[in-house]
Amino acid sequence: MPNKDGFFGEYGGCFVPPMLEPIMKEITEAYEKIKDDPVFKEELYYLQKHYTGRPSPVFHAQNLSKQLGGAQIYLKREDLNHTGAHKINHCLGEALLAKRMGKKKIIAETGAGQHGVALATAAALVGLECDIHMGEVDIYKEHPNVVRMKILGANVIPATHGLKTLKEAVDSAFEAYVQDPVNQLYAIGSVVGPHPFPMMVRDFQSVIGREAKEQFQEMTGKLPDNLVACVGGGSNAMGLFSAFLQDDVNIFGVEPAGTSFKTGDHAATLTLGKPGMIHGFKCYLLQDEKGEPAAVNTVASGLDYPGVGPQHSYLKDVERVKYETITDKEAIDAFIELARKEGIIPALESSHAVAYAMKLAPTLSPDQTILVNLSGRGDKDIDYVVEKYGKDYGL
Ligand SMILES: *Cc1c(COP(=O)(O)O)cnc(C)c1O
């Protein structure tokens with residue numbers, strides 16, 4: 001999967017303006033050629049090992065497991081990667097591809113700035129110019145990441161229309177891309193967008209699942225009984241899941257339930273959305289009355305997207321993966337709990353996966369196992385958590 005037109009069942013595809021069709025085809029062909037090229041594979045492998053710090057460890061969270069009194073929880077530590085999350089995995093891949101294709105500049109949008117920082121990092125390393133489009137409101141809110149991107153040599157371009165947040169940043173980046181798709185590559189930040197991006201980003205992230213499978217078997221002699229990962233666009237989840245889809249393993253994707261299931265209060269796309277179109281592909285989509293992408297909200301800005309990867313949409317329909325939800329409050333509890341029991345501060349996005357594992361574990365016996373993808377570290381979230389929830393935890 002996908003088929004040659006980029007479909008996972010009825011989802012995915014490449015619905016772009018006619019002028020971009022040949023460009024998407026060119027990217028697909030370049031990627032198909034490069035991905036099995038031993039020189040490219042060696043280069044990527046070298047950077048994964050010596051730059052990102054792979055393989056990231058798998059850790060048995062014994063204190064947390066013991067306290068919950070059920071299944072054993074293991075963490076795949078993507079939080080220990082250079083730049084602090086899984087996003088560097090596909091950003092390095094995309095930057096190397098852009099370089100190989102002779103592009104001069106790599107561009108993207110960013111919401112909270114996590115994708116922007118990872119891409120600016122990869123661009124600096126590989127030697128490409130980098131333009132990151134970001135809503136004016138987010139530029140103000142996410143000041144530390146804006147500074148990081150600038151230090152890394154990227155141009156941060158403000159989107160000044162509409163609500164001045166993520167959607168406007170996508171519009172702005174897209175407009176800039178269309179003006180010169182020959183010299184630029186639009187590096188999408190998850191397993192979303194038109195073909196070939198959902199496939200390509202999944203493949204670059206699949207290193208998580210391949211490593212985890214080997215490490216887990218080495219540690220326990222078995223496959224994990226359950227996998228858990230948070231789902232925004234779905235890249236860290238696809239990265240882990242892809243290695244286990246053919247195995248006898250229960251798989252759970254966790255979406256943000258925010259503060260309620262009212263439209264605008266959550267981003268539980270697979271749980272509450274209906275098939276629709278966004279950003280050049282078909283997927284489950286949260287929609288308003290007019291069928292336009294709905295407003296979304298969650299404490300984890302990296303999960304704040306009304307669409308979701310087409311492969312997740314397919315895996316839901318064929319019931320290979322179960323999609324569950326976790327509220328803001330449950331995620332914050334898990335954030336604090338993991339910090340206090342294991343000395344690991346997870347990203348608020350990853351805290352959704354931890355929270356679901358904490359619910360699942362007590363329903364299972366101690367000889368069963370849960371492998372959680374800890375997609376990123378929580379340094380970026382500490383001020384927000386203390387300011388907004390500190391009182392509840394004596395902070
Ligand atoms: C961006 C981000 C996510 C959400 O993106 P996916 O494509 O769904 O993986 C999850 N965790 C962290 C730490 C992130 O930065």
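All ligand and atom numbering here is 1-based and tracks the order in the structure. Since this is a predicted model, take the numbers as computed values, not measurements.
Contact detail for Met238 and Arg202: the closest heavy-atom pair is CB-CG, 4.1 Å. Residues Val296 and Leu286 share a closest heavy-atom pair of CG1-CD1, 3.7 Å.
Using modelled atom types, no side-chain atom of Arg377 and backbone atom of Leu80 make a donor-acceptor pair closer than 3.5 Å. At least one donor-acceptor pair under 3.5 Å links the side chain of Ser65 to the backbone N or O of Ile73.
A donor atom on one side chain and an acceptor atom on the other are found under 3.5 Å apart for Asp367 and Ser365. A donor-acceptor pair shorter than 3.5 Å can be found between the side chains of Tyr305 and His279.
Atom 6 (P) of ligand 1 has its closest protein heavy atom at Ser235 N, 3.3 Å.
Heavy-atom proximity to Gly232, at under 4.0 Å, picks out these atoms of ligand 1: 8 (O). Close contacts of ligand 1 with Ser190, meaning ligand atoms under 4.0 Å from a residue heavy atom, involve 6 (P), 7 (O).
With hydrophobic clusters built from ILVMFWY side chains whose heavy atoms lie under 4.5 angstrom apart, Ile344 does not share a cluster with Met219.
When the options Gln114, Lys87, Glu349, Glu78 are ranked by their closest heavy atom to atom 14 (C) of ligand 1, first place goes to Lys87. Among Gly376, Gly189, Ser375, the residue whose heavy atom lies closest to atom 12 (C) of ligand 1 is Ser375. Nearest to atom 5 (O) of ligand 1 by heavy atom, out of Cys230, Ala85, Gly302, Ser351, is Gly302.
Checked against a 3.5 angstrom limit, the closest N/O atoms of Lys380 and ligand 1 fall outside it. Considering backbone and side-chain atoms together, Val191 places no N or O closer than 3.5 Å to any N or O of ligand 1. Considering backbone and side-chain N/O of Ser350, none are found under 3.5 Å from N/O of ligand 1. Not one N or O of Ala347 is nearer than 3.5 Å to an N or O of ligand 1, by distance alone.
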I would like to know whether Glu292 and Lys167 meet salt bridge (Lys or Arg N to Asp or Glu O under 4.0 Å); could you show each step before the answer? CA-CA 12 Å; Glu292 294 294 314; Lys167 181 177 170 300; over 6 Å; no
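Using a non-hydrogen distance threshold of 4.0 Å, His86 registers as a contact of ligand 1.
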